[in-house]
Protein chains: 2
Amino acid sequence: MRKKSQNKACTIIDIAEALEVSAATVSRALNDHNDISLATKKRVRKMADQMGYQPNRIAAGLRQMKSNTIGIVVPMFTAIFHSSMITVIQNRLYEYGYHVLLCQSNDSYNLEKELVNTLYSFRVDAIVSAITLFTEDYSHFQPFVDRDIPVIFYDRVPTQDFPAHFVISDDFRGGYLAGQHLADVGVENPAFICGLMSSNLYQKRDAGFRKALNQSGITLKENQVYYQELTLENALETCRKLFDVPHPPDGIFTANDTTAIAVLKFAIERGINVPSDLKLIGYSNDPRSAIVEPAITTIDQNIPKMADKVVEKILTLLGVEDLIEIRPGLDQRELVDVSLVRRMST
Amino acid sequence: MRKKSQNKACTIIDIAEALEVSAATVSRALNDHNDISLATKKRVRKMADQMGYQPNRIAAGLRQMKSNTIGIVVPMFTAIFHSSMITVIQNRLYEYGYHVLLCQSNDSYNLEKELVNTLYSFRVDAIVSAITLFTEDYSHFQPFVDRDIPVIFYDRVPTQDFPAHFVISDDFRGGYLAGQHLADVGVENPAFICGLMSSNLYQKRDAGFRKALNQSGITLKENQVYYQELTLENALETCRKLFDVPHPPDGIFTANDTTAIAVLKFAIERGINVPSDLKLIGYSNDPRSAIVEPAITTIDQNIPKMADKVVEKILTLLGVEDLIEIRPGLDQRELVDVSLVRRMST
DNA sequence: TTGAAAGCGGTACCAA
DNA sequence: TTGGTACCGCTTTCAA
């Protein structure tokens, strides 16, 4: 059981001793300070390499009161929307030397609260979050606000005022485009499976959808509108209710693609032809919506752009880059445009 | 521009001063040490709440030489296999007070190296990784090994000896089951689209598949075997080669589901009926394989079990729990069983 | 250009 | 049961 000998990590002090200089000099050399001679820099770096030195970021972070880490809390990694967002954000931040501490709340308000507290404990330099469907109190983000640590919400954001930054998809327009499109393809008796109205997302999609139908003179029967968690199971149950009637709908807008896929499956089983008997449009442009048969028309949320906006905000707020204008007084909203992706289901 | 007054976080010293006790006492009270009176504990906790105290984990971590953080490096979050693994791992570790620092390598060896170094700099208590397809040198993990910091590889693991822990899916058996199944459903002229042989995954799936065919007396023509990165584009190109011949294959095994889905799309476009003209079997039980038409037969890798094994190893190695037996001498392999999920494509 | 030393916010040892 | 104090590894003034 030997090998413990070199068990401890090498520190700048070890390097300093080996080179008979001070730790301060080593630190400065390693950080490429101007006021260190090139010669010493070279000597130090060489020795550091040789001794397998790896800086201790924890210690540096403690001293500098920053961690070079950004915290992210999202409901679900497995949702392609979030994993794509995270991917872009992580990669862009990495270019600037930032790392990402990633957490998922499982759409549980309590877990989200705990995670946000923990990220605060880790003294992240900024926090990014898509909140759960059930978060209606935002006080767990208050410590960040109090200490001027940037808080950036994206996608699912507080429905009430909160002094933070927001990157939101234009959900109203998404709903509107969906309604307009259903009207364009001749739907006369639409149904709507929407998410829970506690979320800004579904409030807006709902409003946009209704406005478009209204403008086209199409009536949306309230008994053909459902507000529910957008899971597969819920979708199938709702389908039964929608189609076990004399005059079922001839078009459906679902507020996410998981639900659209479920509806499609249901239709196929029932022998309802999509698109001739039923036009179907989903939301989010989940890759799955493209591989089913027929492929489903959907609303694309421009994830790369949303992620870019998040990163821009972070970098600007941290003073790393001056990418966008940040006005004084917070609650700053960035609206990202959406687009219709037409496929075979309509 | 005021409000900076309470801009600094409250520390144990602030609490200590407010209560006129020592910082040591506060620390102990907060950590529920035995040798502190209940009365003081209560006073301290109350004051901590009142002052909105949040511990600084960075500082605690520095002193204790541990971070209560586990690093994870995977090729892609967007791959459902990895996001599912991560989800389970994160949730289970969280119950034990551990947090997860998540990074993705984008399947780039250089980025992986950097990320692993960075995680080392953050002094994670353990590191978990599914390595890139191109990682053939593992020395970036050596600092962990040298300092007895647990290294756990899963899924894509080093093909050469490395003194770490391994949680691997039984890829040989997966390939074998696929071969056996194709034989069972009467395939006589199979094709095989395999991943790059630099990875343990595909070496094993290849070997298992060949063995099964062999045992069933079926010949695998080498011009119908392709080793390639398993992307959509590559799959379509290979399909063209496979089917632009007089006697195309009547069965295909693809070493992942993305490729299987691509093959299915190709077949549909070409008017090749699956399953009657072509039996198709994929790998991984990606949820997408269940929603295409016809749904694709595939091999399930039992993700929850793999994730559990990873967590068990971490907790045991960190001395938190005694969940499994860790024998002295490393390079410990845990093999997780796979199963055939039969669907309509065969 | 370099060194000495203080300090970031906790924890843990030794004494009292 | 508590307090005093050294220390984790690094950064950063201030002096030399």
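Just so we're on the same page: letters track the sequence lines, and every chain starts at 1.
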Spacing of A:Ile13 atom CD1 relative to C:dA4 atom C1', expressed in whole Å: 13 Å
So, does A:Ser27 get its side chain near the phosphate of D:dT11, meaning an N or O under 4.0 Å from OP1 or OP2? yes
Given C:dA12, C:dG10, D:dT1, the nucleotide with the shortest approach to the side chain of B:Thr40: D:dT1
Measure from the side-chain heavy atoms of B:Arg63 and tell me the nearest of C:dT11, C:dC8, D:dG3. C:dT11
Selection from C:dT1, D:dT11, C:dC8 that lies nearest to any side-chain heavy atom of A:Met65: C:dC8
Please report, rounded to the nearest Å, how far the C1' atom of D:dG3 is from the CG atom of B:Asp35. 12 Å
Does a side-chain N or O of A:Ser22 approach OP1 or OP2 of C:dA4 to a distance below 4.0 Å, or not? no
Would you call the rings of B:Phe141 and B:Phe153 parallel, tilted or perpendicular, where under 30° means parallel and over 60° means perpendicular? perpendicular
Could you tell me how the ring of B:Phe81 sits relative to the ring of B:Tyr154: parallel (under 30°), tilted (30 to 60°) or perpendicular (over 60°)? tilted
Ring-ring centroid check B:His140 B:Tyr109, cutoff 6.0 Å: yes
Just how far, in rounded Å, is P of C:dG7 from CG of B:Leu62? 17 Å
In whole Å, what is the span from the CZ atom of B:Arg57 to the C1' atom of C:dC8? 18 Å
Charged N-O contact under 4.0 Å between B:Asp308 and B:Lys313: no
With a 4.0 Å cut-off on heavy atoms, is A:Asn56 in touch with a base, just the backbone sugar-phosphate, or nothing at all? sugar-phosphate
With the side chain of A:Ser37 defined as its heavy atoms from C-beta on, choose the nearest nucleotide among D:dG9, D:dC10, C:dT2. C:dT2
With the side chain of A:Thr11 defined as its heavy atoms from C-beta on, choose the nearest nucleotide among D:dC10, D:dA6, C:dG3. D:dC10
Ion pair A:Asp32/A:Arg45, N-O distance below 4.0 Å: yes
According to ring pair (Phe, Tyr, Trp, His ring centres under 6.0 Å), does anything in residues 20-79 of chain A pair up with another residue at least two apart or in another chain? List the pairs. none
Selection from D:dG4, D:dT11, C:dT2 that lies nearest to any side-chain heavy atom of B:Ala24: D:dG4
Ignoring backbone atoms, establish whether A:Asn31 has a side-chain N or O less than 4.0 Å from OP1 or OP2 of D:dT11. yes
Please determine, for the side chain of A:Gln64, which listed nucleotide (D:dT11, C:dG9, D:dG3) has the closest atom? D:dT11
Categorize B:Ile12 for me: base, sugar-phosphate, or nothing, with a 4.0 angstrom heavy-atom threshold over every strand shown. base
Which is more 5' along DNA chain D, the nucleotide nearest A:Ala59 or the one nearest A:Thr25? Just name the residue. A:Ala59
Can you measure B:Ile58 atom CD1 to C:dT11 atom P for me and round it to whole angstrom units? 13 Å
note: A:Leu30, atom CG; D:dG9, atom P; distance rounded to Å ~ 15 Å
Dump the pairs, protein N or O against N or O of nucleotides 14-16 of chain C, anything under 3.5 Å, distances to one decimal.
none

Is any side-chain nitrogen or oxygen of A:Tyr53 closer than 4.0 Å to OP1 or OP2 of D:dG9? no
Mind checking whether B:Pro150 and B:Ile152 have side chains closer than 4.5 Å, heavy atoms only? yes
A:Lys66 NZ to D:dC10 P: how many Å, rounded? 17 Å
Distance to the ring centre below 6.0 angstrom and angle to the axis at most 45 degrees; does that hold for B:Arg123 and B:Tyr120? yes
Measure the distance from CD on A:Glu17 to C1' on D:dG9 and round it to the nearest whole Å. 13 Å
